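These notes concern the structure reproduced below.
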Amino acid sequence: MDMPSATNRNFIEQIIDADIASGKWGQPGDGSVVTTRFPPEPNGYLHIGHAKAICLNFGLAEQFGGRFLLRFDDTNPAKEEQEFVDSIVGDVRWLGAAWAGEVRFASNYFDRMFGWAVELIEKGLAYVDQQTPEQIRTGRGSVTEPGVNSPYRDRPASESLDLFARMKAGEFEDGAMVLRAKIDMASPNMNLRDPVMYRIVNAAHHRTGDTWHIYPMYDWAHGLEDSIEGVTHSICTLEFENHRPLYDWFIDAINEGRSEPIRHPQQIEFARLEPTYIVTSKRKLKQLVDDGHVSGWDDPRMPTISGLRRRGFTPESIRIFTEATGVTKYKGTHDVGLLENAVRDHLNKVAPRRMAVLDPVKVVITNWAEFGQAGRTEYHEAVNNPEDESAGTRKVPFTGELYIEREDFMEDPPKKFFRLGPGREVRLRYGYWIRCHDYVKDDAGNVTEIRCTFDPQTKGGNSPPPDAEGKVRKVKGTLHWVSAEHAVDAEVRLIDRLFTVEQPNRAPKDAPADWSFLDVLNPDSMRVIASAKLEPAILETAGEPTWRDGIRRFQFERLGYFCIDADSDPNEKLIFNRTVTLKDRWAKVKRK
RNA sequence: GACCCGAUAGUGUAAUGGUAGCACCGCAGUUUUUGGUACUGCUAGUUCAGGUUCGAAUCCUGGUCGGGUUACCA
């Protein structure tokens, strides 16, 4: 466990420091001092924003030697499904957040919550309201006008008790009545205007089946779930700030007159993660899937955990990103470039290098036969990872016919273009130095073949020996390449940002009235390359790191980081997703 | 026009009454068998107006701007 550092503490760490100093939750070191949780509703897939909540809560428990819990807030049977429970559990595990004990469910506490609700009725702090939903809504007033009391507000407790029991027994239709807390219909905080605690839902619950006909509302249930589980710091997002007084009221109401009060966790709100070029609203993500803009919830362009995973992001990179964005109450937007940097950083250290040519053009070595048999293959040693010597080396086959990247050749290159052109010499990485003396074009003007000579003194890509005057020849550029004869074909999916603007959530100033976030979808977010040419070592796993999630990731030299897609079949068709490009200084030079 | 919350380089975050730092971006350079990596340097900031104080990003008052709140969702 990392000891908390004395400085640079975020505001939540500072609160916990103070709680530990005051002994609020027990003595330091007894394991009760910090208990956090991630409390998702199982009604959808997790996204990058949830990842931050998970990493934050898990990280705090880890840092302070406490416990982190995973609890499903399954209080609405109409929306929730086992399928989502399974995917969420898998995502949290993949992120590396280890929860204490079993996975927990709010539905396991329904009996206790019901008992406390009965106590509140008996204390005169709750009542059964038989108004229609519309009447309740209008009776609540507005942000500028107070509400009015329900005609059922002062009915005898015995009457409410009887109706509440019958609600539970399933005697009434959905919406016939609700249980409400009796607080203050004129409160400036709308959440305190006699909030609903229970509503009738005659629907099967994914865990409790047909046992219940009433289900607790979030505001009533959530604080109780935390209390039951011994949570100390209930961390949630900013929009629940106005709910905290209610959460506190409920616990105080239960504890009124109780000899052994139930635990009163402290709710702390922080600003949710909002990365640029990304939408996280469940509605919008669903629309992207339903309208077929992406192939599914795990499309590698999606900001879902499953999408990021499929795209090749590592749990480490997501953790680093969520930490880099900080913990505050200020709602800013977070540069998605940080996430891209985080994965580059991580993969740079651990991903094996391979060579892949995405847009191949043929290179013929015209003097190949002068130095040996024309059809010979040489095997040159190539470093697997210059950042990690222990990753070892591999052999790459070199022959007289190769592929290089089409954009690495120009017929009439500018001075700053360090690559191949007529008369120019470049290094083929781990190959030889070659010089172009001719090229062939088809009728359409496309270059179909580049003719070069190689220098046998530069084997492995090494510099030639000094000339008679002691001068060593130099090249400015190094290209990646693949032997034509040995090339392995693969499909490569070039993934890019899904949106073209930083804030796809916001309509631009001059936007038409019917503007939609779909208008700023990036039409080029996924370019599929049907047959890229890869070096044959890609077919062997020897020397690759063991990835905890089993996803094989590589750096294709000079191009970026790629992983093998879930659709890939090693016997049929290899498919790669581009996680992120390498930084590209040439692209900047070119723009000028 | 009610209530709650917030505001520090372009972006994100530290400094909690005592020299405004850090990261990313951007710009310039060094190294380099990836125009990658690594390294060096540079640019640039306390929302405004008062007040308290020897001293204010920090405390107080007021303004401005931004966000949230009016489900029988969570």
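Protein chains get the first letters and strands the later ones, always in sequence-line order, with residue 1 at the start of each. Predicted model, so just to flag it, every value in this text is computed and none were measured. Quick note: numbers below take in every heavy atom, side chains included, and nothing from hydrogens, waters or symmetry partners.
- Between A:Arg558 and A:Asp408 there is a salt bridge, since a side-chain N of the basic residue sits under 4.0 Å from a carboxylate O of the acidic one.
- Contact annotation for A:Thr132: base contact, defined as any heavy-atom pair under 4.0 Å involving a base atom.
- The CD1 atom of A:Ile12 sits 19 Å away from the P atom of B:rU16 (whole-angstrom rounding).
- Looking at residues 215-227 of chain A, you'll see A:Pro216, A:Met217, A:Tyr218 sit with a heavy atom under 4.0 Å from some atom of RNA chain B.
- At the heavy-atom level, A:Gln131 lies under 4.0 Å from base atoms of the strands shown.
- Each salt bridge (Lys or Arg N to Asp or Glu O under 4.0 Å) pair with one or both residues in residues 173-186 of chain A, not counting sequence neighbours, appears once here: A:Asp129-A:Arg180, A:Asp154-A:Lys182.
- Shown here are the salt bridge (charged side-chain N to carboxylate O under 4.0 Å, His left out) partners of A:Arg553, two or more places apart in sequence or in another chain: A:Asp549.
- Residues A:Gly460 and A:Asn341 both approach RNA chain B. Their nearest nucleotides, taken by heavy-atom distance, put A:Asn341 toward the 5′ side.
- Partners of A:Phe321 by ring pair (Phe, Tyr, Trp, His ring centres under 6.0 Å), not counting sequence neighbours: none found.
- At the phosphate of B:rA15, OP1 or OP2 sits under 4.0 Å from a side-chain N or O atom of A:Gln14.
- B:rU32 sits 31 Å from B:rG12 when the C1' atoms are compared, rounded to a whole Å.
- For the atom pair CE (A:Met355) and OH (A:Tyr430), the distance works out to 8.0 Å, reported to the nearest 0.5 Å.
- Using a 4.0 Å cut-off between charged nitrogen and carboxylate oxygen, A:Glu340 and A:Arg497 count as a salt-bridge pair.
- Taking 90° from 0 as the syn/anti boundary, the base of B:rA71 is oriented syn.
- Note on ring orientation: taking the six-membered ring where Trp is involved, the planes of A:Phe105 and A:Phe72 are parallel (angle under 30°, cut-offs 30° and 60°).
- Atom P of B:rG51 sits at a distance of 23 Å from the matching atom of B:rU19, rounded to the whole Å.
- Under the ring pair (Phe, Tyr, Trp, His ring centres under 6.0 Å) criterion, A:Trp481 pairs with A:Phe398, sequence neighbours left out.
- A residue-by-residue look at A:Gly431 and A:Phe11 shows that A:Phe11 has its nearest nucleotide of RNA chain B further toward the 5' end.
- Among the heavy atoms of the strands lying under 4.0 Å from A:Val178 is at least one base atom, whether or not backbone atoms are also near.
- Note on A:Glu269: nothing from the nucleic acid sits closer than 4.0 angstrom, heavy atoms only.
- OP1 or OP2 of B:rU13 has at least one side-chain nitrogen or oxygen of A:Thr328 nearer than 4.0 Å.
- For the pair A:Lys168 and A:Phe114, the cation sits on the ring face: its NZ or CZ lies under 6.0 Å from the ring centre, inside 45° of the axis.
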* According to the Watson-Crick and G-U wobble definition with distances under 3.5 Å, which dot-bracket string, read 5' to 3', encodes RNA chain B, using [ ] for crossing pairs and | for pairs with another strand? -> .((((((..((((....[..)))).(((((.......)))))....(((((..]....))))))))))).....
Please list, one pair per line, the donor and acceptor atoms closer than 3.5 Å that link side chains of residues 270-279 of chain A to other protein atoms, with sequence neighbours excluded.
unit_1: A:Arg272; atom_1: NH2; unit_2: A:Glu239; atom_2: OE1; d: 3.4
unit_1: A:Arg272; atom_1: NH2; unit_2: A:Glu239; atom_2: OE2; d: 2.7
unit_1: A:Thr276; atom_1: OG1; unit_2: A:Val336; atom_2: N; d: 2.9

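- With sequence neighbours excluded, the residues that form a salt bridge (charged side-chain N to carboxylate O under 4.0 Å, His left out) with A:Arg244 are A:Glu269.
- Contacts of A:Thr333 with the nucleic acid, taken as non-hydrogen atoms under 4.0 Å apart, involve only primed sugar atoms and P, OP1 or OP2.
- By the ring pair (Phe, Tyr, Trp, His ring centres under 6.0 Å) test, A:Tyr247 pairs with no residue at all, sequence neighbours left out.
- The aromatic rings of A:Phe556 and A:Phe562 lie parallel to each other, their planes meeting at an angle below 30°, with 60° marking the opposite boundary.
- In this structure, the nucleotide among B:rA74, B:rU11, B:rC5 sitting nearest to the side chain of A:Asp73 is B:rA74.
- No engagement by A:Tyr198 is indicated, since no non-hydrogen atom pair under 4.0 Å with the nucleic acid exists.
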Donor-acceptor contacts under 3.5 Å from residues 37-55 of chain A side chains, at least two apart:
unit_1: A:Arg37; atom_1: NH1; unit_2: A:His222; atom_2: NE2; d: 3.1
unit_1: A:Arg37; atom_1: NH1; unit_2: A:Asp226; atom_2: OD1; d: 3.2
unit_1: A:Arg37; atom_1: NH1; unit_2: A:Asp226; atom_2: OD2; d: 3.0
unit_1: A:Arg37; atom_1: NH2; unit_2: A:Ile235; atom_2: O; d: 2.5
unit_1: A:Glu41; atom_1: OE1; unit_2: A:Asn43; atom_2: ND2; d: 2.9
unit_1: A:Asn43; atom_1: OD1; unit_2: A:Lys282; atom_2: NZ; d: 2.6
unit_1: A:Tyr45; atom_1: OH; unit_2: A:Glu83; atom_2: OE2; d: 2.5
unit_1: A:His47; atom_1: ND1; unit_2: A:Gly49; atom_2: N; d: 2.9
unit_1: A:His47; atom_1: NE2; unit_2: A:Thr280; atom_2: O; d: 3.2
unit_1: A:His50; atom_1: ND1; unit_2: A:His47; atom_2: N; d: 2.9
unit_1: A:Lys52; atom_1: NZ; unit_2: A:Thr325; atom_2: OG1; d: 2.9
unit_1: A:Lys52; atom_1: NZ; unit_2: A:Gly326; atom_2: O; d: 2.4

* Structure fact -> Once base and sugar-phosphate atoms are separated, protein heavy atoms under 4.0 Å mark nucleotides 63-70 of chain B, 5' to 3', with B, S and - as ----SBBB
* To do: Do nucleotides 34-41 of chain B as a string where each nucleotide becomes B, S or -: B if the base has a protein heavy atom under 4.0 Å, S if just the sugar-phosphate does, - if no protein is that close.
  => BBBS----
